[in-house]
Amino acid sequence: MNGGDAAAAAATPSHRRLPDFLQSVNLKYVKLGYHYLITHLLTLLLLPLMAVIVLEAGRTDPDDLRQLWLHLQYNLVSVLVLSAVLVFGATVYVLTRPRPVYLVDFACYKPPDKLKVRFDEFLHHSKLCGFSDDCLEFQRKILERSGLSEETYVPEAMHLIPPEPTMANARAEAESVMFGALDKLFKFTGVKPKDVGVLVVNCSLFNPTPSLSAMIVNKYKLRGNIKSFNLGGMGCSAGVIAVDLARDMLQVHRNTYAVVVSTENITQNWYFGNRKSMLIPNCLFRVGGAAVLLSNRGADRRRAKYALKHVVRTHKGADNKAFNCVYQEQDDEGKTGVSLSKDLMAIAGGALKTNITTLGPLVLPFSEQLLFFATLVAKKLFNAKIKPYIPDFKLAFEHFCIHAGGRAVIDELEKNLQLQPVHVEASRMTLHRFGNTSSSSIWYELAYMEAKGRVRRGHRIWQIAFGSGFKCNSAVWHALRNVKPSPESPWEDCIDRYPVELVDGFATHNNTQQ
């Protein structure tokens with residue numbers, strides 16, 4: 001370039017110049033190109049082969065085709081045997097293949113406004129209950145940094161002074177939550193309770209006699225041969241376990257419905273002592289529950305929202321630290337509560353690593369699996385300092401329902417899975433609006449995405465939850481249509497206010513961006 005050209009180039013406004021491609025290449029676009037190439041490699045290789053076959057078929061002499069036909073006529077026995085083998089194989093495949101399981105609809109319970117608890121009300125009640133000043137200050141700090149709003153709900157018994165954590169009040173809480181969700185589910189799906197063949201209820205800390213599942217059978221007069229199950233003590237990940245059990249039952253029992261009810265009970269599990277590690281659940285857990293209608297009926301595919309693709313369950317209970325990290329016990333004063341270990345996040349990270357190692361080959365594109373395997377081999381053979389490759393799960397899923405167990409859980413998964421803020425938005429907003437509703441939180445998150453109109457046909461949803469034991473469980477759903485929110489969604493009257501921007505757990509201002 002001569003001096004005049006250089007001067008002209010310098011005089012040209014920067015926004016009118018071509019970009020310096022060597023400086024502007026972004027690694028993520030190179031990766032996307034690589035992903036496209038590997039994912040469609042088989043197609044790209046088959047296209048030339050198919051073209052060659054078509055060309056050769058076009059050059060085939062009609063006499064050659066006639067000779068082939070005559071040859072088959074003289075080998076009629078071979079043709080019949082081959083046909084019989086093919087028919088037999090197809091029959092065996094149809095009879096033994098897993099039956100598809102559809103999610104027809106689900107409903108989340110929304111408590112009445114009178115059960116909302118403000119922070120100052122919460123602390124005032126705690127003071128009247130005899131908590132020490134040190135523990136009151138501890139709870140205040142937890143609440144302010146928790147990511148919860150002042151619109152979450154606690155049961156009616158906890159609003160009383162003094163609180164009344166009686167068996168009768170605990171039953172009343174369970175009934176209002178379960179029946180509230182089930183009434184909506186049956187009303188808007190049109191399914192009669194008598195048509196339900198499988199019932200699975202999970203509630204970790206409240207297991208009366210008769211059971212919660214029996215309470216539902218009695219309330220809705222379910223049929224006498226219903227297969228009912230009541231899961232207890234399995235923590236916040238029990239919702240996915242309940243779905244897995246219902247799926248297994250639907251593989252055995254044809255042409256039927258399964259109902260899954262996920263909830264937790266606060267009334268009899270409020271901690272009234274002064275051990276700080278046992279006070280955290282008081283600050284985070286709130287009233288909530290969900291009812292889910294599953295079906296294996298082919299006719300329900302047209303109206304179903306989702307199809308269940310995978311369930312992956314990881315249990316770390318063989319390790320003592322994992323087993324004890326979420327532990328119900330009595331303190332020195334004999335007061336019962338759930339203690340959370342300081343090792344909880346590290347143990348959750350280990351369980352997550354094991355879970356996604358199993359889930360990855362089922363959902364990740366081949367390009368991601370190849371990169372992960374190549375990095376692993378290079379690390380083992382050449383350089384132990386090479387960082388392990390973290391698969392990009394954003395290529396496998398459009399939506400993430402991360403259990404709203406607390407800010408720390410969501411922050412760690414966002415960081416470790418390299419997610420964007422929009423991917424954890426549903427989890428943060430569910431924690432903000434409803435608190436930690438235990439095993440039902442993943443359904444409030446899915447309801448949030450539906451209310452925002454984000455779930456489109458073909459989208460993949462990953463529900464992931466953690467629970468005592470210690471467990472990490474995943475469920476993968478595939479959207480069968482553009483999903484509209486269910487009637488009377490828990491977000492119906494407030495979705496326009498969300499998402500809110502949170503800084504250190506505090507809401508700063510509303511953002512109505514869709």
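As a basis for the values below, the full set of heavy atoms in this structure was taken, side chains included, without hydrogen atoms, waters or symmetry mates.
Distance OH/Tyr220 to CG/Leu199: 11.0 Å, rounded to 0.5 Å. With values rounded to the nearest 0.5 angstrom, Glu445 atom CD is found 9.5 Å from Ser440 atom OG. Rounded to the nearest 0.5 angstrom, Asn269 CG and Gln328 CD are separated by 6.0 Å.
Side-chain atoms of Ser441 come within 3.5 Å of backbone atoms of Ser438 as a donor-acceptor pair (strictly under, hydrogens ignored). In terms of modelled atom types and a separation under 3.5 Å, the side chain of Asn296 and the main chain of Val101 share no donor-acceptor contact. A donor-acceptor pair is defined here as one N or O able to donate and one able to accept, closer than 3.5 Å; such a pair exists between the side chain of His459 and the backbone of Arg456. Looking only at distances, no side-chain donor or acceptor of Ser295 sits under 3.5 Å from a matching main-chain atom of Asp300. Remark: side-chain polar atoms of Arg99 are paired, donor with acceptor, to backbone N or O of Gln251 under 3.5 angstrom. Of the possible donor and acceptor atoms, none in the side chain of Ser439 sits under 3.5 Å from a partner among the backbone N and O of Ala238. For the pair Ser489 (side chain) and Ser486 (backbone), a donor-acceptor distance under 3.5 Å is absent. Side chain of Thr354 to main chain of Gly350: a donor-acceptor pair is present (N/O by atom type, distance under 3.5 Å, no hydrogens or angles). Proximity of a side-chain donor or acceptor of Arg407 to a complementary backbone N or O of Arg145 within less than 3.5 Å is detected. In this structure, Thr189 contributes its side chain and Leu185 its backbone to a donor-acceptor pair below 3.5 Å.
Within 6.0 Å of atom CZ in Arg223, more than 12 heavy atoms from other residues, nucleotides or ligands are found, so the atom counts as buried in its surroundings.
Each of Lys305, Glu398, His399 was compared with Val455 under the side chain to side chain contact (heavy atoms under 4.5 Å, CB included) criterion, and only His399 meets it. Partner of Glu264 under the side chain to side chain contact (heavy atoms under 4.5 Å, CB included) criterion, out of Asn436, Leu205, Val177, Asn202: Leu205 alone. The side chain to side chain contact (heavy atoms under 4.5 Å, CB included) test with Val261 singles out one residue from Ile216, Asn230, Leu212, and that residue is Ile216. Across Phe400, Phe397, Phe393, a single residue satisfies ring pair (Phe, Tyr, Trp, His ring centres under 6.0 Å) together with His423, and that is Phe400.
Residue pairs meeting the salt bridge (Lys or Arg N to Asp or Glu O under 4.0 Å) criterion with at least one partner in residues 464-489, sequence neighbours excluded, are Lys187-Glu488. Annotation: salt bridge (Lys or Arg N to Asp or Glu O under 4.0 Å) contacts involving residues 307-318, sequence neighbours excluded, comprise Asp244-Arg313.
Residues that satisfy the side chain to side chain contact (heavy atoms under 4.5 Å, CB included) test with Asp319, not counting sequence neighbours, are Lys321, Ala322. Residues meeting the side chain to side chain contact (heavy atoms under 4.5 Å, CB included) test with Asn324, sequence neighbours left out: Asn320, Tyr327. With sequence neighbours left out, Ala246 forms a side chain to side chain contact (heavy atoms under 4.5 Å, CB included) with Val200, Ala258, Val260, Leu294.
Contact annotation: the side chain of Tyr448 never approaches that of Arg433 to less than 4.5 Å [non-hydrogen atoms, C-beta and beyond].
In summary, Lys394 and Glu368 do not engage in a salt bridge, as defined by a charged side-chain N under 4.0 Å from a carboxylate O.
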Atom pairs and distances, side-chain donor-acceptor, residues 285-293, under 3.5 Å, sequence neighbours left out:
from, atom 1, to, atom 2, distance (Å)
Arg286, NE, Thr152, OG1, 3.0
Arg286, NH1, Asn282, O, 2.9
Arg286, NH2, Cys283, O, 3.3

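Contact detail for Met215 and Ala174: the closest heavy-atom pair is CE-CB, 4.5 Å. Among all heavy-atom pairs drawn from Pro391 and Leu364, the shortest one is CB-CD1, 3.4 Å. Taking all atoms of both residues into account, the shortest heavy-atom contact from Ser204 to Gly235 is OG-N, 3.1 Å. What you find for Ile461 and Cys401 is that their closest heavy atoms are CG2-SG, 3.9 Å. The two residues Glu412 and Met345 make their nearest non-hydrogen contact at CG-CE, 3.4 Å. Nearest heavy-atom pair across Phe466 and His403 is O-CD2, 4.1 Å.
Ring-centre distance between Tyr102 and Trp477: not below the 6.0 Å cut-off.
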What verdict does the ring-ring contact (aromatic ring centres under 6.0 Å, His included) test give for Trp443 and Tyr109, after you've listed the backbone C-alpha separation in whole Å, the side-chain angles of each residue and the deciding distance to 0.1 Å? CA-CA 10 Å; Trp443 298 108; Tyr109 174 69; over 10 Å; no
| task | Kindly determine whether Asp195 and Lys192 satisfy salt bridge (charged side-chain N to carboxylate O under 4.0 Å, His left out), including the steps that lead there. | result | CA-CA 5 Å; Asp195 293 334; Lys192 298 178 181 178; 6.0 Å; no
**Report entry** Candidate pair Ile356 and Leu417, rule side chain to side chain contact (heavy atoms under 4.5 Å, CB included), full reasoning
**Finding:** CA-CA 10 Å; Ile356 64 176; Leu417 295 179; 4.2 Å; yes
Which is it for Arg428 and Asp411 under the salt bridge (charged side-chain N to carboxylate O under 4.0 Å, His left out) test, yes or no, and what are the steps along the way? CA-CA 9 Å; Arg428 292 195 190 282; Asp411 289 345; 2.7 Å; yes
